[in-house]
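Worth saying up front: this structure is predicted, and the values here are computed from it rather than measured. So you know, we letter chains A, B, ... as the sequences are listed, proteins then strands, and number each from 1.
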Number of protein chains: 2
Amino acid sequence: MPRGRHRGFDRDDVLARAMAVFWEHGYEGSSMAMLTTAMGINSPSLYATFGSKERLFRESVELYGQHAGSRTRRALTDQPTARAAVAAMLADNIEEYTRPGQPHGCLVVLSAPVGAPDHADVRTFVRTLRDDVRAAVRDRLDRGVADGDVPAGTDTRALAAFYVTVLNGLSLQARDGRPTAELTATADAALAAWDVLAPAAA
Amino acid sequence: MPRGRHRGFDRDDVLARAMAVFWEHGYEGSSMAMLTTAMGINSPSLYATFGSKERLFRESVELYGQHAGSRTRRALTDQPTARAAVAAMLADNIEEYTRPGQPHGCLVVLSAPVGAPDHADVRTFVRTLRDDVRAAVRDRLDRGVADGDVPAGTDTRALAAFYVTVLNGLSLQARDGRPTAELTATADAALAAWDVLAPAAA
DNA sequence: CCATTTTTGTATCGGTCGGCACAAATTAAG
DNA sequence: CTTAATTTGTGCCGACCGATACAAAAATGG
């Protein structure tokens, strides 16, 4: 057992509460007062446990990636074909983006698209994660080419960029309060392009 | 001539400079110090001329709508068919989003997607403008149906939602520094869906 | 010239920002 | 029970936030 006084709160629990605040209001829009209130702890406890607001944010984003943010990764790995993977990626994220009782849209997309020059490193951090998603989608498309369910010669780079653009756009629409059915219709429209750009191999 | 001492700066000029700051850093990311420095005036002059930071932002957004933000409106009105209108909307905005010497992406989309509860009205303001764009796109599609260049029975609501989602997504991609060619390829992919969802009338 | 009006720069307002000193409180080890 | 270690709550730090008070400066009309 640790030597001194024990921590009176659960680290994972208060981190989840912090994540919810960042998710709702973004990095700059979340003040320390809002965070400590939501987490139910005082500022010294926060700093002793997480170091700084920025480090708390980074941990929050990592936690997000393990839960709500895991949809994309799972869809890309679990589905048998590239088309099914992209379709599942869109559908699963739409479900997550519009889930009642939590902020709409993706934390990684919405929390720091712009901001003050002082917080440029935070923006770089989430942008890198977005880049990772784009790369993952492209890798999945390339695997589809290797597997034979995507035609050889398909511009997987362009196709990945397209679906990531739609996915990120869906976060904005969800945050704007657009109805789930509208997002689903958008995903269907995006998938309609698939059969033109990467028609099912013979 | 006005009675007292004359204003030592051009109102439109300093407003354009303020717009550039909001465009680059967003609403909350732009401090009064940054604004006054960029505008080349002191804070009392700013308040005497524009009233408050929020009103300065609203005027900046209106100015944006008259310049960089006018691409969408013009594309929707000038093109002869709905498909050409949507294609021009995407292409012209991509050109604008990636223009050298100015912030990438759309001010209306990027400047206040999330933020502190105190600034909810600012977010509502830009969200309303985004809603107007969606409505304008749908109206253009409906006109296409009336004109006969869009098949009767086309779900114009869904199609408008799709292209607005792509358009907003493009702002994020542009701000993330994606190359113009990639955005263009994305627009091409989005247009590939057109011929499936709204095939050219016989 | 004078009187009036408006803008200017300086200096500062109260409030909040992120972050921390400090001592009381709480725990395990000796 | 004492000692050492760690967390707790209180209170506050300097810096910056958006926004103004104030008087000097600069313009007009008389």
Query raised in the report: Is any NZ, NE, NH1 or NH2 atom of the basic residue among Asp13(B) and Arg17(B) found under 4.0 Å from an Asp or Glu carboxylate oxygen of the other?
Result: yes
Report task. Measure the distance from OH on Tyr27(B) to P on dC17(D) and round it to the nearest whole Å. Result -> 13 Å
Query raised in the report: Are Ser31(B) and dC17(D) close enough that a side-chain N or O sits under 4.0 Å from OP1 or OP2?
Result: yes
Query raised in the report: OP1 or OP2 of dT7(D) sitting under 4.0 Å from any side-chain N/O of Ser45(A)?
Result: no
Requested in this report: Looking only at side-chain atoms of Met32(B), point me to the closest of dT10(D), dG19(C), dA19(D).
Outcome: dA19(D)
**Report entry** Whichever of Glu28(B) and Arg7(A) has its nearest DNA chain D nucleotide further upstream toward 5'
**Finding:** Arg7(A)
Query raised in the report: CD1 of Ile41(A) versus P of dT10(D): gap in Å, rounded?
Result: 14 Å
Report summary line: Rounded to whole Å, CG of Leu46(A) lies from C1' of dA21(C) at a distance of 17 Å
Report task. Kindly indicate whether a cation-pi arrangement holds for Lys53(B) with Phe22(B), taking the cut-offs as under 6.0 Å to the six-membered ring centre and within 45° of the axis. Result -> no
Query raised in the report: To the nearest angstrom, how far is Arg11(A) atom CZ from dT6(D) atom C1'?
Result: 16 Å
Query raised in the report: Looking across every strand, which nucleic acid part, if any, lies under 4.0 Å from Ser30(A) by heavy atom: base, sugar-phosphate, or nothing?
Result: sugar-phosphate
Filtered N/O pairs between nucleotides 26-30 of chain D and protein, under 3.5 Å:
{"unit_1": "dA26(D)", "atom_1": "O4'", "unit_2": "Arg5(B)", "atom_2": "NE", "d": "3.4"}
{"unit_1": "dA27(D)", "atom_1": "O3'", "unit_2": "His6(B)", "atom_2": "NE2", "d": "3.1"}
{"unit_1": "dT28(D)", "atom_1": "O4'", "unit_2": "Arg3(B)", "atom_2": "O", "d": "2.8"}
{"unit_1": "dT28(D)", "atom_1": "O2", "unit_2": "Arg3(B)", "atom_2": "NH1", "d": "3.1"}

Query raised in the report: Looking at Arg130(A) and Asp176(B), does any basic side-chain N land under 4.0 Å from a carboxylate oxygen?
Result: yes
Query raised in the report: Could you give the CE-to-C1' distance, from Met39(A) to dG9(D), as a whole number of Å?
Result: 16 Å
Report task. Whole angstrom is fine here: how far is it from CE in Met34(A) over to P in dG15(C)? Result -> 20 Å
Query raised in the report: Is the shortest distance from a Lys or Arg side-chain nitrogen in Glu62(B) or Arg58(B) to a carboxylate oxygen in the other one below 4.0 Å?
Result: no
Query raised in the report: Is it true that Asp78(B) and Arg74(B) make a salt bridge, defined as a side-chain N closer than 4.0 Å to a carboxylate O?
Result: no
Query raised in the report: Step by step, would you call Arg178(A) with Arg134(B) a side-chain contact (heavy atoms from CB on, under 4.5 Å)?
Result: CA-CA 11 Å; Arg178(A) 307 309 304 173; Arg134(B) 180 183 4 259; 3.3 Å; yes
Requested in this report: Establish, with yes or no, whether the OP1 or OP2 oxygen of dT8(D) is under 4.0 angstrom from a side-chain nitrogen or oxygen of Asn42(A).
Outcome: no
Report summary line: Side-chain atoms of Phe9(B) come closest, of dT8(C), dG19(C), dT10(C), to dT8(C)
Query raised in the report: Which comes earlier along DNA chain D counting from the 5' end, the contact point of Ala48(A) or that of Ser43(A), where each point is its nearest nucleotide?
Result: Ala48(A)
Query - Gap between atoms NZ and P, on Lys53(B) and dT16(C) respectively (whole Å) - result: 16 Å
Query - Interatomic distance, Leu46(A) atom CG to Leu56(A) atom CG [nearest 0.5 angstrom] - result: 5.0 Å
Query - Spacing of Tyr47(B) atom OH relative to dT12(C) atom C1', expressed in whole Å - result: 14 Å
